[in-house]
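Read through the structure below, which is laid out as structure tokens, and then see the notes.
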Amino acid sequence: MGAKESRKSVRSVRRMVADRFRTRFPHAPRYATEVFSRNGGFTTVGTACALLAACGLVFAGAFALRSQSRAAGVQAVADTAALAAQNEVAEFVIAARVADASLLSMSLTGLSLVGAGTVCCCVPPAAAAGKTMIETGRALIAKRDEMAKTATRLLSGLQDALPAAAALQAQGVISENADALHGAAIGHVELVPREGEPLECAPSKASQEAADAAASASDEIAAAAQEAARAREDADAALREGFLHDCGNAPGYCMYERADVLASLPASQNPLYHSAGAWSFSVALKRAQAYYPARAAVESPQDASVEEQARSALRKRFYEYASREVAKGYAHDDGKTAPDISLPMLPRNTEEMKKTTLYTDACFPVAGGVLHAWEGCPGASSGASGTGSLAEQDAGAYGTCAECGLDAVAMGKVAAASSSIENGFEYHYRIVAQAARTYCDAMARALPAEEGAKEASQGVFDGIVAALEEVGSSRIEAFPPGRYGSLCAVAFDAEGEGDVSFARTPQQLGSFASVSSAVLAEDAQEDVLSSLLDGVVDRIGPPLSDAGPAVLGVWSSMVKAYSSGAEGLCEGLEGLLSSVPLLGSDRLGSWASDTLMEMMEAAGLEPADVDAPKPFIANSEHVARRGDGPVAEAVCALKGKLR
């Protein structure tokens, strides 16, 4: 067999084997390239390679995802630990602010009670309550000083323990979260700065001095106020009496009504007042000064009888004399100094008339050795030879006219008639003049007493203002460790997680490290004082729970004054003073209340920060710049290299 035939024979055998193989395996690839590419079949080797590559990518991605997730978890642990550490600082700051608010509110409450008690001592009906308020204020100020020592000692101890407490809290957070991440973790916490400044809260010396001064002056103030009140009552009664008899009784008998009927004075000279508060004794004086000249001008006999003509002449003499006398009157009353009022008294009988110029002035005509009432007297028809006085007549120099009957008794009857019955102008004028004297005497007692009470009260108020200035500058200010923030570094080991298939890695996820920081920020939505006094009455019990609503109310206002400053202080004090009985009707009490409020407002108590501090995650570089610990130094170095 030749070579050519041999090759044909081999091809025949191959075709036969191939035909049998295709018959037995109809889906097998016809050509070698179909192992990797065939339209109508299934490639076992290609699928295996693809699946192998896909699984490798899936598990590699899973490894990356788990690694990144674990890294994020470790960062979250570091953030939580930093927040936990800084939360300890926040709680300490809140404790310090609450202590400061408590002490300040106690000082303000004590001083307010002392001030309100002093005001009450200026009001006789409330003097006893005022002394009780002063003693309560003294006790509260003394208790404040005791609490200040205790609060300073406790807060200083808490501040010293703050770094350890922050580290312990952070380590607890790290341990709990490490278990959840299935690994082992260790952390390091640094407070920035690592040490705080000493806490100080001095006793309120000025407050105690103000309270002691108020207690010492309370009896003096109350006694002076009592004397002033009595004198004021007498003065007010005299003022009302004068008002009624001048014009208050209109349209009944009074100076106003008599002047209108008897002298027809115009309204400009005869005004009508409807309240004693708007009236003064000068009104009555001016009315009398207008009445007597007008009455003298219109005086005339009512008939032609000698007796009536004599009486008319004497009445005219009296009116002219009264005009001259009341013209000498004056009324000075500015309400600040003792009033100086003079309404000249007019004679009401013969005895009083003999003490006036009506008796001594030589104003009556003399004819035939006899004294006459007027020149036209029938007994003086021979003509007057001069003038004489009633005093000379009584001395025997002149006789009595048989026609007119002029003598001292006749002159005395002129004033007596209108001074003895209420339809006479002189009757009411005399009452007003006497009331003016009573009023001046009463005011001469009232004003010095009021001035004494004011001086003593002013001394107490000055002490309270000085105490407010001291209290405003003596606060508990906390500058604790960690006031600039906290740094936390966490190292985490994830060993023991097992193999990671299809990935050429060690049989572990590896180790992680993270750094975080937290700082304090004010939360304006939460007030550290919002529940400071909740349940105080129930916890303290009697006597506060029985008789202390007013004290607790002003205390609550003083707590608010911590955050609202002078405005809150004055609101609380005003609420306390408004509960004092009869305060608004008493001049001295009103002065004391207004003066105290003005001085409180002028004290200018500044509002304090009462927002609750809360921890927030912050850029670690900003915190690290202010620290000097290993974590702070490492962070600063790393940030420097990255830049």
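Side chains are part of it too, since the values below use all heavy atoms of this structure and drop only hydrogens, waters and symmetry mates.
Ring geometry, Phe318 versus Tyr321: the interplanar angle falls from 30° to 60°, so the pair is classed tilted.
Side-chain contact between Ser418 and Tyr427: absent, with no pair of heavy atoms (C-beta onward) separated by less than 4.5 Å. Between Thr118 and Ile221 the shortest side-chain heavy-atom distance falls below 4.5 Å. Side-chain contact between Tyr398 and Val370 is absent, with no heavy-atom pair separated by less than 4.5 Å. Considering only heavy atoms from C-beta on, Asp340 stays 4.5 Å or farther from Cys440 through its side chain. The shortest distance between side-chain heavy atoms of Glu257 and His428 does not fall below 4.5 Å. A 4.5 Å side-chain heavy-atom check between Met133 and Cys120 finds at least one atom pair inside the cut-off. In this structure the side chain of Leu314 reaches within 4.5 angstrom of the side chain of Phe364, judged on heavy atoms. At least one side-chain heavy atom of Leu262 sits under 4.5 Å from a side-chain heavy atom of Tyr291.
Atom CD1 of Ile341 and atom OG1 of Thr438 lie 11.0 Å apart (nearest 0.5 Å). Taking CD of Gln289 as the reference point, atom NZ of Lys328 lies at 12.5 Å (rounded to 0.5 Å). For the atom pair OG1 of Thr136 and NZ of Lys143, the computed distance is 13.5 Å after rounding to the nearest 0.5 Å. Expressed to the nearest 0.5 Å, how far CG of Leu272 lies from SG of Cys247 amounts to 5.5 Å. Note that CG of Asp407 and CG of Asp394 are 7.5 Å apart. Values are rounded to the nearest 0.5 Å. Residue Ser323 holds its OG atom at 11.5 Å from CZ of Arg295, rounded to the nearest 0.5 Å.
For Thr356 (side chain) and Met353 (main-chain N/O), a donor-acceptor pair under 3.5 Å exists by modelled atom type. Looking at Gln393, its side chain does come within 3.5 Å of a backbone N or O of Gly399 through a donor-acceptor pair. Between the Thr400 side chain and the Gly405 main chain, no donor and acceptor come within less than 3.5 Å of each other. Looking only at distances, a side-chain donor or acceptor of Arg317 sits under 3.5 Å from a matching main-chain atom of Cys363. With hydrogens and angles disregarded, no donor-acceptor distance shorter than 3.5 Å links the side chain of Glu241 to the backbone of Val432. No side-chain donor-acceptor contact under 3.5 Å links Arg315 to the backbone of Glu299. At least one donor-acceptor pair under 3.5 Å links the side chain of Glu392 to the backbone N or O of Ser389. Using a distance-only test at 3.5 Å, with no hydrogens or angles considered, a donor-acceptor pair links the side chain of Asn349 to the main chain of Glu352. In this structure, the side chain of His372 engages the main chain of Ala367 through a donor-acceptor pair within 3.5 Å. Between the side chain of Asp246 and the backbone N or O of Met255, no donor-acceptor pair lies under 3.5 Å.
Closest of all the heavy-atom pairs between Val366 and Thr387 is CG2-C, 3.6 Å. Smallest separation of non-hydrogen atoms from Ala225 and Pro124: O-CG, 3.8 Å. Minimum heavy-atom separation, Cys121 to Ile134: SG-CD1, 4.2 Å. Nearest heavy atom pair, residue Ala215 against residue Arg138, reads CB-NH1, 3.4 Å. Summarising the geometry of Ala211 relative to Val114, their closest heavy-atom pair is CB-CG2, 3.9 Å, with the distance given to 0.1 Å. Closest non-hydrogen pair, Pro347 versus Ser419, comes out as O-OG, 4.1 Å.
Judged purely by distance below 3.5 Å, without hydrogens or angles, the side chains of Glu426 and Tyr292 pair a donor atom with an acceptor atom. Under 3.5 Å, the side chains of Arg258 and Asn423 contain no donor-acceptor pair of N or O atoms. At a cut-off of 3.5 Å, with distance as the only test, a side-chain donor of Tyr439 or Asp333 sits close to an acceptor on the other residue.
Residues Lys205 and Asp145 are not paired through a salt bridge, judged by the lack of any N-O separation under 4.0 Å between the basic side chain and the carboxylate.
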Pair Arg311-Glu308, salt bridge (charged side-chain N to carboxylate O under 4.0 Å, His left out): steps then yes or no:
CA-CA 5 Å; Arg311 285 194 296 268; Glu308 174 58 21; 3.2 Å; yes
*Stepwise side chain to side chain contact (heavy atoms under 4.5 Å, CB included) check, Lys354 with Leu390*: CA-CA 9 Å; Lys354 288 183 178 182; Leu390 295 173; over 6 Å; no
Handout entry: side chain to side chain contact (heavy atoms under 4.5 Å, CB included) between Lys131 and Glu135, worked out
Key = CA-CA 6 Å; Lys131 294 179 181 179; Glu135 291 302 322; 5.7 Å; no
Inset, instruction - Start with the C-alpha distance between Glu451 and Lys454, add both sets of side-chain angles, then the distance that settles salt bridge (charged side-chain N to carboxylate O under 4.0 Å, His left out), and finish with yes or no. - result: CA-CA 5 Å; Glu451 191 62 28; Lys454 288 180 179 181; 5.1 Å; no
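Both the sub-6.0 Å distance and the 45° axial angle are not jointly satisfied by Arg287 relative to the ring of Tyr429.
For Gln269, the CD atom counts as densely surrounded, since its 6.0 Å shell holds more than 12 non-hydrogen atoms of other residues, nucleotides or ligands. Heavy atoms from other residues, nucleotides or ligands lying under 6.0 Å from CZ of Arg445 number more than 12.
Aromatic rings of Tyr256 and Tyr273 (six-membered ring for Trp) have centroids beyond the 6.0 Å cut-off, not under it.
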